[in-house]
Amino acid sequence: MSVDNVGAFSLAMAITAPIALFASLRLRSLIVVRDSENNRDYYFIRKIFNIVSLVITLIVAFLFYQEYFILITLVMLIKINDLNSELAYGYYQLKMEFNKLSRLIIFKQIFSLIVFVISLSITKSLQISLLLQYLFQYTYFLIWERKDFLNDSKHNPSRETQKSIIKEGLPIGIGLYFITLNASIPRFILEAKHGLEMLGYFSALAYFVVIGNILVNSLMQFLLGKISNLYISNNFRTLRKVLFLFTPLFTVSLGVVILPLTIFFGEYFIAAFYGELYTEYLLVLVLLVIGFLLDSNSAIYDSVLLITKKIKVQFYLPMFLMVVSSIIGYIMINQYSIYGAALTIIIVNLIQLLIRGFFCNSILKSNEQMEELKLNLKNR
């Protein structure tokens, strides 16, 4: 793909990602945390919010991005496929069938990539390639992913249960919308100030980090059950140790490995994947890796806020960060162009990490003190 095509695709991703995350309602995590609901209730909610997300996308694309209307619509349809798949993944995660879960994800990603690459090579059309990728993923969901999820369901979905799930998931979805919008804001500003080509360079380098995000998200989903068990069993001291000792140590260890590899071998990988033209922006990739490390640590704290049902924090924090991201992004990108976009991500992710960590520590410390008080009263 040309740099402009990469930029256009990235713009479509930046537009659709917040809408898709809003529509997700984080149902995969709720399946694991709530544990006892009818799968058909989740599937009904998923279909409703799929329609909502598609309608919103069509309106936004028609009003503001008519030139990219078809591209944006296709990207949104692929994201809706991903949202459908998340239900099945949550089910297998709840059942602790991690081998089946990993096979489904790996096969889907590998064959989706093969379909996209082959069709792009033959047709030279980004839109046709995305359409074929969408058709493959939808067929994959219908044949392989949906089967067990729906078979292991009661046949009487409950409107009350559906309302309860939406009531819990909607604030989370709104929070996720703003979180993802925060990540997209530097891209919007970069495209507005420096053009689609510069956005293309930035987005191409950011795809290296996307791979890391997929791996970390898989790890987060695995840890979610473990963290939930520690919280339910009131083992707050161990949980705080996991969050504020082992997690930072893991992140630092990851950084010690990834950063030198990026600095010394990043230019080689960039040239191999994209060509020599992109290698002058190696520093951007290094900065994006630092931002990724901060975000991976922060994601664990966000999972704890979900388990503790501190919805207000998840609701208001992204709104605050959106304002911060807009201000910092406007200043930094004006001053430093593509490097300013990467610096914005680092600064916003650091602020997010510190605030989430503060709330997690306060909540768990308060719960720990409450448990100690109950124990002391019981022993008297």
Side-chain angles (χ1 to χ4, degrees), residues 16-59 76-97 100-101 104 137-138 140-181 217 220-221 224-225 227-229 231-232 302-316 318-319:
T16 56
I19 299 171
L21 264 292
F22 158 72
S24 78
L25 306 183
R26 210 163 181 180
L27 291 183
R28 175 177 175 177
S29 297
L30 290 181
I31 288 172
V32 177
V33 172
R34 292 174 67 104
D35 192 1
S36 58
E37 314 293 359
N38 184 352
N39 291 340
R40 291 184 183 274
D41 287 320
Y42 287 103
Y43 192 51
F44 175 81
I45 294 167
R46 175 76 285 127
K47 288 189 287 187
I48 294 297
F49 277 85
N50 284 350
I51 295 169
V52 170
S53 65
L54 183 59
V55 170
I56 293 172
T57 302
L58 292 174
I59 292 171
M76 188 67 232
L77 287 172
I78 289 171
K79 287 191 172 295
I80 287 173
N81 275 341
D82 291 337
L83 294 178
N84 290 334
S85 298
E86 286 290 301
L87 293 181
Y89 301 160
Y91 167 77
Y92 290 120
Q93 185 180 336
L94 176 64
K95 298 297 182 182
M96 305 292 283
E97 296 182 24
K100 193 162 189 176
L101 172 60
L104 280 173
Q137 289 184 349
Y138 187 64
Y140 187 88
F141 171 73
L142 292 178
I143 296 175
W144 288 289
E145 294 179 331
R146 189 180 66 161
K147 181 175 59 176
D148 291 341
F149 175 76
L150 288 183
N151 286 345
D152 188 14
S153 299
K154 305 168 190 173
H155 294 286
N156 52 339
S158 164
R159 288 288 179 264
E160 289 303 314
T161 301
Q162 291 166 7
K163 289 177 184 177
S164 172
I165 294 170
I166 292 173
K167 185 178 178 181
E168 188 170 344
L170 192 58
I172 298 172
I174 294 171
L176 288 171
Y177 170 82
F178 285 108
I179 288 172
T180 316
L181 188 61
N217 185 58
M220 291 306 103
Q221 293 298 331
L224 185 61
I227 292 171
S228 182
N229 289 335
Y231 184 80
I232 291 168
D302 187 52
S303 297
V304 174
L305 292 173
L306 172 68
I307 292 166
T308 57
K309 301 185 185 299
K310 298 301 178 182
I311 305 299
K312 284 186 178 180
V313 178
Q314 292 182 301
F315 185 76
Y316 291 113
M319 294 184 185

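Keep in mind the model is a prediction, meaning the values are calculated, not measured.
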#### Entry: Point-to-point distance, once rounded to the nearest 0.5 Å, from CD of Gln93 to OG of Ser29
7.0 Å

### Summary
For Lys147 and Ile143, the nearest pair of non-hydrogen atoms, with its separation, is CB-O, 4.3 Å

#### Entry: Ile179 vs Leu21, side chain to side chain contact (heavy atoms under 4.5 Å, CB included): CA-CA, chis, key distance, verdict
CA-CA 9 Å; Ile179 288 172; Leu21 264 292; over 6 Å; no

### Query
Are Ile174 and Phe22 close enough that some pair of their side-chain heavy atoms sits under 4.5 Å apart?
yes

### Query
Under the criterion side-chain contact (heavy atoms from CB on, under 4.5 Å), which of Leu104, Asn84, Asn81 is the partner of Tyr140?
Leu104

#### Entry: N/O donor-acceptor pair under 3.5 Å between Thr57 side chain and Ser53 backbone
yes

### Message
Given 3.5 Å as the limit, does a donor-acceptor pair link the side chain of Asn50 with the main chain of Ile80, or not?
### Response
no

#### Entry: Evaluation steps, side chain to side chain contact (heavy atoms under 4.5 Å, CB included), between Leu77 and Tyr138
CA-CA 9 Å; Leu77 287 172; Tyr138 187 64; over 6 Å; no

### Task
Verify the distance criterion only: is there a donor paired with an acceptor across the side chains of Glu145 and Tyr89 at less than 3.5 Å?
yes

### Query
How many angstroms lie between atom CD1 of Ile19 and atom OG1 of Thr180, to the nearest 0.5 angstrom?
10.5 Å

### Query
Do Arg28 side-chain atoms and Leu83 backbone N/O form a donor-acceptor pair below 3.5 Å?
no

### Task
For residues Arg40 and Leu150, report the shortest heavy-atom separation together with the two atoms involved.
NH2-O, 3.5 Å

### Query
OH of Tyr91 to CG of Asn151: how many Å apart, nearest 0.5 Å?
8.0 Å

### Query
Which value, rounded to the nearest 0.5 Å, describes the distance between Leu181 atom CG and Leu176 atom CG?
12.0 Å

### Query
Does the pair Asp148 and Lys95 meet the rule for a salt bridge (Lys or Arg N to Asp or Glu O under 4.0 Å), with working shown?
CA-CA 11 Å; Asp148 291 341; Lys95 298 297 182 182; over 6 Å; no

### Query
Has Tyr231 got more than 12 heavy atoms of other residues, nucleotides or ligands less than 6.0 Å from its OH?
yes

### Task
Nearest 0.5 Å please: distance from the CD atom of Gln137 over to the CD1 atom of Ile78.
5.5 Å

### Query
Should we say atom OH of Tyr43 is surrounded by more than 12 heavy atoms from elsewhere, each under 6.0 Å from it?
yes

### Donor-acceptor contact present, side-chain Asp41 to main-chain Gln162, <3.5 Å
no

### Query
At their closest point, which heavy atom of Leu30 faces which heavy atom of Leu25, and how far apart are they?
CD1-O, 3.7 Å

### Task
Any chance you could measure Ile31, atom CD1, to Arg26, atom CZ, to the nearest 0.5 Å?
13.0 Å

